Q: 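If you scroll down you'll find the structure; I have some questions about it.
Whatever order the structure lists ligands and atoms in, that order sets their numbers, starting from 1. Computed over heavy atoms, backbone and side chain alike; hydrogens, waters and symmetry mates excluded. In this text the structure is predicted, and so the values were computed from the model without any measurement.
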Amino acid sequence: MTGLSDLPIRDDLRGLSPYGAPQLDVPVRLNTNENSYPMPEPVVEAIGKAVAAELRDLNRYPDRDALALRADLAAYLGHGIDAEGVWAANGSNEIQQQLLQAFGGPGRSALGFTPAYSMHPLLALGTGTRWVPARRGVDFGLTADEAVAQVREHHPDVVFLCSPNNPTGTALDPAVIAAVLDVAPGMVVVDEAYAEFARPGTVSALAVLPDHPRLVVTRTMSKAFGFAGGRLGYLAADPAVVAAVQLVRLPYHLSALTQAAARAALAHREALLGTVAAISQQRDRIVTELRRRNLRVADSDANFVLYEVGGDQSVAWRALLDQGVLVRDVGLPGWLRVTAGTPAETDAFLAAMDKIQREGTSAPQSPKGTP
Ligand SMILES: Cc1ncc(COP(=O)(O)O)c(C=O)c1O
């Protein structure tokens, strides 16, 4: 049988394994920061109708520029953004891949402050962009000085900032974004996949778009909108950035069905985003409850929580899974990430944590405040 190593695959891909958060059929799935609430029935019906209306015309290619969808997304974002300053693709992963195709690539570099979203380095790899793993400071924080020093040192063509950051959950101080914009020689991408969950008063980088033609804000309908299966991500930026991305996107990359479904979902945004408050409440409950159990927990502005298990995180991960609770081991020694879902899912997660603490699978540490 032919194995991967028998193929003339690119040298830099040899020996690697693909991205793969486990997709396991267990009762409580809290490992990929999905929205635990299913689509409300009226939205299911609306999307069904919108998709059905496209079926007869599937002999034709879709609108290559997705103009109607981009106008709807711009209206949702506000901030004076219009359709020319928005671009959409199959998830914000594809958006970021297109950005690296246009602004990274062979001979160029992209920098991110780790730990951050694990796909950023993988997208760099896939596009032949050299990845620079910059560091975060104490307790996974990032100050303007720390960020500026590393951008100055490495001169990356693309800087990734993630706010709220995955896996820590914490939103970036806008001063950090401003400072990076001041010194970055190339593009600055602010990944705001979890923006809708941020606490009131958290400032989106969208607010400073008009002053920064090299700033790109990426967003997604996968999280707050509960539309992960629909695959719809987008960016907001200067229209010149959209023109650049159009040079590398595949023609007709966004199917007519996806465009129609996303537009119908956006039209029902009040119903879909209605889950954000309930999920944020569960997030805050998880933070409070874990701290009450003397575990260190990162401040979260997202729909997930990073916490220290007080032992080997892979052992704790397995012990939780054995109780039907799937969380995420992001490879940070001693830490696990759990998605905030329904109240019942939080109950199950906390009960499972209590059991592993009782049985000593993960011994509690002394309280040390936030990481
Ligand atoms: C920070 C961040 N950005 C982007 C994404 C990608 O989301 P999607 O491709 O579903 O839009 C994720 C998914 O987990 C994420 O955590």
Q: I'd like to know whether CZ of Arg14 has more than 12 heavy-atom contacts from other residues, nucleotides or ligands below 6.0 angstrom.
A: yes

Q: Got the closest protein heavy atom to atom 7 (O) of ligand 1, with its distance?
A: Ser92 OG, 3.3 Å

Q: Would you say CG of Asp25 has more than 12 non-hydrogen atoms from neighbouring residues, nucleotides or ligands within 6.0 angstrom?
A: no

Q: Taking only heavy atoms of Cys162, which atoms of ligand 1 are found under 4.0 Å from at least one of them?
A: 1 (C)

Q: What protein heavy atom lies closest to atom 3 (N) of ligand 1? Include the residue and the distance to one decimal.
A: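 For this ligand atom, the closest protein heavy atom is Asp191 OD2, 2.7 Å.
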
Q: Going through the checks in order, is the side chain to side chain contact (heavy atoms under 4.5 Å, CB included) test met by Val276 and Asn35?
A: CA-CA 9 Å; Val276 167; Asn35 189 318; 5.8 Å; no

Q: Should the proximity of Asn166 to ligand 1, defined as any heavy atom under 4.0 Å, be assigned to the side chain, the backbone, both, or neither?
A: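 Near ligand 1, Asn166 shows its side chain, while the N, CA, C and O stay back.
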
Q: Have a look at ligand 1 and work out which part of Ser222, if any, has a heavy atom under 4.0 Å from it: side chain, backbone, both or neither.
A: side chain

Q: Among all protein non-hydrogen atoms, which one is nearest to atom 16 (O) of ligand 1, and what is the separation to 0.1 Å?
A: Tyr194 OH, 2.6 Å

Q: Counting heavy atoms only, name the option from Arg328, Met119, Lys223 that's nearest to atom 13 (C) of ligand 1.
A: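 When every heavy atom of Arg328, Met119, Lys223 is considered, Lys223 comes closest to atom 13 (C) of ligand 1.
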
Q: Any side-chain donor paired with an acceptor under 3.5 Å for Glu192 and Ser204?
A: yes

Q: Looking at Arg231, which atoms of ligand 1 are within less than 4.0 Å of one of its heavy atoms?
A: 8 (P), 9 (O), 10 (O)

Q: Mark up the atoms of ligand 1 that fall under 4.0 Å of a heavy atom belonging to Asn93, in ascending order.
A: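 Numbered from 1, ligand 1 contributes 6 (C), 9 (O).
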
Q: Under 3.5 Å, is there a donor-acceptor pair between the side chain of Ser163 and the main chain of Asn165?
A: no

Q: I need the contact type for Met221 against ligand 1. Using non-hydrogen atoms and a strict under-4.0 Å cut-off, is it side chain, backbone, both or neither?
A: neither

Q: In terms of side-chain geometry, is the basic nitrogen of Arg70 or Asp63 positioned less than 4.0 Å from the acidic oxygen of its partner?
A: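 Salt bridge flag = no for Asp63 with Arg70.
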
Q: Parallel, tilted or perpendicular, judged at 30° and 60°: which one describes the rings of Tyr117 and His120?
A: perpendicular

